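All values below come from the heavy atoms of this structure, side chains included, with hydrogens, waters and symmetry mates left out. Here the structure is a predicted model, which means the values were calculated and not measured. Each chain gets a letter, A, B and so on, in the order the sequences are listed, and its residues count up from 1.
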Amino acid sequence: MDYRPRDIEKKWQKYWEQEEVYKVSNDSDRPKFYVLDMFPYPSGAGLHVGHPLGYIASDIFARYKRLKGFNVLHPMGYDAFGLPAEQYAIQMGVHPAKSTSENIARYRSQLDNLGFSFDWSREVNTSNPAYYKWTQWIFLKLFEHWYDAEQQKARPISELLAHLEAKGTDALPAACSEQMDFSAADWQAKSAKAKDEVLMNYRLAYKKQTFVNWCEALGTVLANDEVKDGLSERGGHPVERRPMLQWSLRITAYAERLLNDLDELEWSDAMKKMQANWIGRSTGAQLFFDLDGHDEKIEIFTTRPDTIFGATFMVLAPEHDLVAQIKTPEQSAAIADYLDYVNTRSERDRMSDVKTVTGAFTGAHAINPFNGEKVPVWISEYVLKDYGTGAIMAVPADDERDRRFAEKFDLPIIDIIDKSAHPGATIEDKVGTMINSDFLNGMEVKEAISATIAAMQEKGIGREKVNYKLRDAIYSRQRYWGEPFPVIYDKEGIAHPLKEEDLPLELPELDDFKPASGGQSPLARKTDWVERADGFFHETDTMPGFAGSSWYFLRYMDANNSDAFVSKQAVDYWRDVDLYVGGTEHAVGHLMYARVWHKLLYDLGYLPTNEPFRKLINQGMIQGVIEYICLLKEKTDGKNHFICADFAEKRPESEYARLPVYVDYVSDYGTEKSHLSAEGIRQFIEWRPEYKDAIFEGCGGTYRDGKLESEGSPEDFRFYTISEVGKMSKRYFNVINPDDVVERYGSDCFRLYEMFLGPIEQAKPWDTKGIDGVSRFLRKFWSLFFNDKGEFFCSEEPATKAELKILHKTIKKVCDDIERFSFNTCVSAFMTATNELLKLKCNKKEILEPLVTLIAPFAPYMSEDLWHKLGHANSVHLDTYPELIEEHLKEDAFTYPIAINGKTRSKMDFPADLSKEELEKQALALEGIQKWLEGKTVRKVIVVPKRMINIVVG
RNA sequence: GCGGGUGUGGUGAAAUUGGUAGACACGCUAGACUUAGGAUCUAGUGCCGCGAGGCGUGGGGGUUCGAGUCCCUCCACCCGCACCA
């Protein structure tokens, strides 16, 4: 009987569903194990072969753990709210609810096609009111808590109120947006509106006027991690900085814990580093400069307080609050011009050009608190509004940027550090001896830093401070497809939380859900919803995409609970995610937010664990081959003439297993369909210098079905293709749908092949050629169970020593390799075992039956079929893992490599238990070795039992 | 610029503690069975050399009886961050 994957896979898929083989109970004596995949957002494109890579790996691990006796939670769901889903809906001109549910259905069928062992009874959908009720509920917890930096935990707003009522801001250790200072009497005298504003300064979810990333094309603001290189991560649209009244999450309050707790996680160093860099902790000093003729002070942050005597000017960010107040009339025009210039520059301009030095003088002067010197206050783009305090003391002698600025605007430079004792030290290195620095003179830099901080504290002009690069997360989106905020406003504009029993606040139906321009949310158009019967108003912004994904891993533990986001019993049993598998693209976004939400819920006593994801594995991207095509024509002048055309658009749908073709010149962005522009040619030659002598001709011809119609005949040309490895994307015509592969080879083969491709964490291109090898292997494996006539046949005969050795060797190898997530070598081990057993013509049940269980996590369908053919009535996936018996691994003999001076010259079998002395004696006596020893002295013989023998001669 | 990673046959890759480099596959070559099939089987396949042998894990140097693995240095590519005070 031939192996027919399509028939058996359909059959067992049904069986698993009917028998609820993968259903997990929260009530079990077995130890728990939680294997989680990053859930997908159901985009319209469906899954391509890259998506399942991580799912397959985690599924293998989950199945393995199950066979090893664990109660395994392995769920799946959909991140259905958010920008990608909504953008797709807009493009297709359908309601996002409709397109989302269609896309989910499509994803589900694609996932089912791959034989995953998900417990679908726990499915989560972030756009489902029963789910987002709890997203809103957690948001209210954020709203109703503040962060006590002393106790390092979140505390209820009621306790903050009590503190303010009694002591004002005195000794208030609260994380806040800006330092506030008032007495209890001041507090009591405040209006309701003013009190609300004060509380917003402390709430973990707060509304505030801030500079945000506004994306006009998407019609919404974006969080920092949603902006890459000054463009929106989704869609690549330009982003600008703009002040707006927005909801934010005070994730900065958790910065220290987010950083410290990384230590206990089993994440890759790269991943931990990325988080640590994003948090960006640096220690230094906060200090105040008085302003000449103003009451205000300039607050700055510096990591180099020791350089204060070299501070010859100050620089504020152009958006700094003080700029308007301190600019002198004479400088007003210059400042206005500069601000105009800054406004014309997008984030992208600003980032791509950091060399050009620009700035303007405010006319104001600050006073150096240490020596009373007046120094000019400038504004410049190079000082960022949202790092530190948005203001710096500039020390041109010891900072590259300050130096460039001073040189350009002819500002004084005072040398303050003598680095002559440190040849090769750069300007950034914190070494050298202080000079021209009053009481610091003669000190080493390190010493000077602490001396300056001590002096500052004594004078009351500053203090030691830790600064973080991490910024609070913008939490409002001016979009339709997201969770509505469970917040209503009264006539004064004071925000009130909805009552828990009024949750969920459902997203109202909206016919026109397209984003509005100018920062308005589509929900604002539904005035009958915005204005409530009780006179309050709904918030019209919605929550961002990361809201729902920040806690979904908890919901799976108790997915259908309508009384709590998760029950105490469920979370006490499942605790945290033991293995989380997903892409590195979520390094700083999702993973950071999820950790914060988890820590908040932990602080509030809802969770027993401090961190959500113990171990993290990042699967590498599966790439596609991007092919560029050129038509090559040789002319009589002996040079190559290229004609390049936009071929991809006109070619018929690609046939499976043929490389798709994308025709373009190389450009940084890949998208332009540049024909023969001078720039295109220049880039092409830069990319492929070997063609620098070629002649390029313009191409106005049209192509249909690969044939040139209007210019010349196809015979005149040769196709010339060049390819590179890159993203798998519709844009490059190189997307491969797993369904097509499964249709042809079967799902087991697809799973095995994706694993066989290489190490899970590595990026690798999809190459269809290799899959035949895996397919061949599955057929060989299958054939072990059948006799010459094609009948299922397994012998009851006892296995030989050699056969048992093959089996147990494989058990050991596969076990070890799964534990270290080396799935590619597992597949090799199965292949080796199969080849060896075929050679021995082994068809013994004693060997083959455990092998079926062993391969079950990898090839769930085939193993299930063989398992039932072997006479079992239950599922192989509920079996127990075959036990390793070390006894069978014992070798009687070992083939020793015998090396002369480290070069292997001969090999010889010796009994495994032969003594070192005897091994040495016999090795030296070997004929094949003797000839190497002639005329030489044996100086030393190294014998490592069961490894090798090395003879050192001289 | 900073941080992290990778570099091994024609290709994807293996080598888990310093101990037979290239397992397992793809591809290729030859053959068998058959005779248009994208089927199966057998043998071969790192490079140079007829051979003995030599050379080989990005380059150079070092430690060691022994280095893909450890140390120093240089190069290339990939990823993340980036005017971070």
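- Not a single donor-acceptor pair under 3.5 Å links the side chain of A:N950 to the backbone N or O of A:I942.
- If you check B:rG3, B:rA13, B:rA85 against the side chain of A:N277, the one that comes closest is B:rG3.
- With B:rC65, B:rG19, B:rC55 as the choices, the nucleotide that has an atom nearest any side-chain atom of A:K903 turns out to be B:rC55.
- Remark: C1' of B:rC84 and CD of A:E381 are 16 Å apart, rounded to the nearest angstrom.
- For A:R401 and B:rC84, the shortest distance from a side-chain N or O to OP1 or OP2 is below 4.0 Å.
- In the set B:rA85, B:rC65, B:rU40, the nucleotide with an atom closest to the side chain of A:F301 is B:rA85.
- Residue A:R779 is classed as a sugar-phosphate contact, given heavy-atom separations below 4.0 Å to backbone atoms only.
- Note on A:N950: every side-chain N or O is 4.0 Å or more away from OP1 and OP2 of B:rG19.
- Each of B:rA15, B:rA13, B:rA85 was ranked by its minimum atom distance to the side chain of A:T825; first place goes to B:rA15.
- When the C1' atom is used for both B:rG68 and B:rG59, the distance is 15 Å, rounded to whole Å.
- Comparing B:rA85, B:rU16, B:rG4 by their nearest atom to the side chain of A:A270 picks out B:rG4.
- Separating the C1' atom of B:rA85 from that of B:rG5 is a span of 29 Å, rounded to the nearest Å.
- The distance from atom OG1 of A:T937 to atom CZ of A:R939, rounded to the nearest 0.5 Å, is 5.0 Å.
- A:N901 comes within contact range of no nucleotide atom at all, as no heavy-atom separation falls under 4.0 Å.
- Residue contacts shown for A:F756 include a base, since a base heavy atom lies under 4.0 Å away.
- The aromatic rings of A:F781 and A:F785 sit tilted relative to each other, their planes meeting at an angle between 30° and 60°.
- The cationic atom of A:R595 (NZ for Lys, CZ for Arg) lies less than 6.0 Å from the six-membered ring centre of A:W267 and within 45° of the ring axis.
- The A:P897 side chain lies nearest to B:rU20 when the options are B:rC26, B:rU20, B:rC81.
- Using a 4.0 Å heavy-atom distance criterion, A:K469 is classed as a base contact.
- For A:R776 and B:rU40, the shortest distance from a side-chain N or O to OP1 or OP2 is below 4.0 Å.
- With rounding to whole Å, A:W378 atom CH2 is found 19 Å from B:rA85 atom C1'.
- For A:D402 (side chain) and A:V395 (main-chain N/O), a donor-acceptor pair under 3.5 Å exists by modelled atom type.
- Residue A:N835 is classed as a sugar-phosphate contact, given heavy-atom separations below 4.0 Å to backbone atoms only.
- For A:R939 and B:rC65, the CZ to P distance is 13 Å, given to the nearest whole Å.
- Across the protein-nucleic acid pair, A:D909 atom CG and B:rU20 atom P stand 16 Å apart, rounded to whole Å.
- Across all strands shown, A:R905 has heavy atoms under 4.0 Å from sugar-phosphate atoms exclusively, and none from any base.
- The side chain of A:M831 approaches B:rC24 more closely than any other nucleotide in the set B:rC24, B:rU16, B:rA85.
- With rounding to whole Å, A:E754 atom CD is found 23 Å from B:rC24 atom P.
- A donor-acceptor pair is defined here as one N or O able to donate and one able to accept, closer than 3.5 Å; no such pair exists between the side chain of A:T252 and the backbone of A:L470.
- Atom P of nucleotide B:rG12 and atom CZ of A:F777 are separated by 23 Å, given to the nearest angstrom.
- When distances run from any side-chain atom of A:T303 to the nucleotides B:rC83, B:rA85, B:rA13, the shortest one goes to B:rA85.
- Within the 4.0 angstrom heavy-atom criterion, only backbone atoms of the sugar-phosphate kind lie near A:L757; the bases stay farther away.
- Taking every side-chain heavy atom of A:Q762 into account, B:rA13 is the closest of B:rC81, B:rA13, B:rA85.
- Atoms CH2 (A:W278) and C1' (B:rC79) sit 15 Å apart, rounded to a whole Å.
- Comparing atom distances between the A:K273 side chain and each of B:rA85, B:rC24, B:rG4 picks out B:rG4 as nearest.
- Using a 4.0 Å heavy-atom criterion, one finds that A:V941 contacts no nucleic acid atom at all.
- Between the CG atom of A:D306 and the P atom of B:rA85 there is a distance of 13 Å, given to the nearest Å.
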